[in-house]
Amino acid sequence: MGEVRTERLLIRDWTLDDAEEALAIYGAEDVARWLTPEPHVVRDVQAMRSVLYAWVEAQPNLVAPAGRWAIVRREDGLLLGGLSLRLLPPYEEDFELSWQIRPDEWGNGYATEASRAIIRWAFDQGIEELFAVARPDNTRAIAAARRLGMEWVGETTKYYDRLLQVFRIRPSEL
Ligand SMILES: CC(C)(COP(=O)(O)OP(=O)(O)OC[C@H]1O[C@@H](n2cnc3c(N)ncnc32)[C@H](O)[C@@H]1OP(=O)(O)O)[C@@H](O)C(=O)NCCC(=O)NCCS
């Protein structure tokens, strides 16, 4: 993908040097508890480096538009969060957009701004729809999906062994 810039943000590939700052995202209970398929708190910088290592290694082999990216604030270079596009199990036909922002930066519209840019980029790659899934009680994620103009299309247990609300967006709805 290279890099994508928005008014306030830079969306770029992860590097191993992000480990310390990434812990403020993936080491935070408020973020980790909502991750699918299972909650996963990253405990320390070493564990964060291992996670990033796996992401960095996997990135070139993913089929576009799949990928994982870091969201950085342009003004001061602060690592705000992560974004990913991946194929949902078990059929691997539906692309899922997911986002994580460090909790002390929630409420600034960063997830919305970064997601809009990634959605536009993904549609430029020729895919026809994108999904987001959220646990029914993940109100912030559901609000973010709606803010992006995603449409609620139902709830399902088909992707993972748990009930999830499903949202969808198509190019004409951008
Ligand atoms: C889901 C998550 C990314 C949403 O973060 P967020 O900051 O609430 O999301 P948004 O970027 O849409 O920001 C919206 C808020 O910023 C405010 N805002 C401020 N400036 C804004 C702007 N320029 N544009 C849009 N919203 C703006 C909105 O009014 C809204 O405030 P509110 O929550 O008080 O109503 C975050 O809660 C998170 O990381 N959760 C844990 C992980 C998770 O559940 N991910 C989703 C499933 S994988």
Side-chain angles (χ1 to χ4, degrees), residues 4-12 14 18-19 21-43 47-48 51-52 54-55 58 62 65-76 78-89 92 94-122 129-169 173-174:
V4 170
R5 278 167 199 269
T6 66
E7 193 185 335
R8 295 179 294 172
L9 308 173
L10 167 67
I11 303 161
R12 59 147 173 84
W14 289 100
D18 292 322
E21 278 191 288
L23 205 54
I25 311 158
Y26 298 97
E29 183 73 36
D30 281 345
V31 171
R33 60 195 287 234
W34 300 114
L35 300 182
T36 48
E38 291 303 329
H40 176 66
V41 181
V42 179
R43 293 286 167 204
M48 192 69 240
V51 170
L52 291 178
W55 291 354
L62 299 177
R68 287 183 173 277
W69 302 279
I71 306 169
V72 176
R73 186 159 60 199
R74 289 171 57 181
E75 185 185 33
D76 57 2
L78 181 71
L79 180 64
L80 294 167
L83 261 182
S84 73
L85 276 174
R86 55 184 175 173
L87 284 165
L88 280 160
E92 308 214 324
D94 298 335
F95 271 103
E96 177 201 10
L97 172 69
S98 74
W99 18 197
Q100 301 84 36
I101 299 287
R102 50 186 287 168
D104 57 353
E105 294 291 347
W106 290 4
N108 292 317
Y110 293 137
T112 303
E113 187 169 323
S115 299
R116 284 221 173 93
I118 283 287
I119 291 171
R120 224 171 281 124
W121 173 79
E129 52 189 9
L130 270 182
F131 294 85
V133 297
R135 300 200 198 155
D137 52 347
N138 192 351
T139 48
R140 290 202 81 97
I142 289 170
R146 291 196 189 283
R147 203 173 287 117
L148 283 166
M150 298 187 100
E151 183 191 352
W152 182 81
V153 289
E155 48 183 28
T156 186
T157 53
K158 81 171 175 177
Y159 297 126
Y160 301 109
D161 196 16
R162 61 163 63 246
L163 186 69
L164 293 168
Q165 303 286 321
V166 185
F167 294 84
R168 182 189 63 202
I169 189 162
E173 294 156 0
L174 264 189

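One-based numbering, in listed order, for ligands and for the atoms of each.
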Fill in the blank from the handout: Residue pairs passing the side chain to side chain donor-acceptor pair (under 3.5 Å) test with at least one member in residues 109-118, sequence neighbours excluded, are Thr6-Glu113, Arg8-Glu113, Arg73-Tyr110, Trp99-Ser115
Problem - Within the 4.0 Å heavy-atom sphere of ligand 1, strictly under, residues - result: Arg8, Asp30, Val31, Trp34, Ser98, Trp99, Gln100, Ile101, Trp106, Gly107, Asn108, Gly109, Tyr110, Ala111, Thr112, Asn138, Arg140, Ala141, Ala144, Arg147
Handout entry: Whether over 12 other heavy atoms sit under 6.0 Å from Asp161 CG
Key = no
Exercise for the section: Output, in order, the C-alpha distance, side-chain angles, deciding distance and verdict of side chain to side chain contact (heavy atoms under 4.5 Å, CB included) for Arg135 and Leu164. Expected result: CA-CA 5 Å; Arg135 300 200 198 155; Leu164 293 168; 3.8 Å; yes
Exercise for the section: Would you please name every residue forming a ring pair (Phe, Tyr, Trp, His ring centres under 6.0 Å) with Phe95, sequence neighbours left out? Expected result: none
Exercise for the section: Starting at CG of Asn108, measure out to CD1 of Ile101 and round the result to the nearest 0.5 Å. Expected result: 9.0 Å
Problem - Results of salt bridge (charged side-chain N to carboxylate O under 4.0 Å, His left out) for Glu151 - residues two or more places apart only - result: Arg168
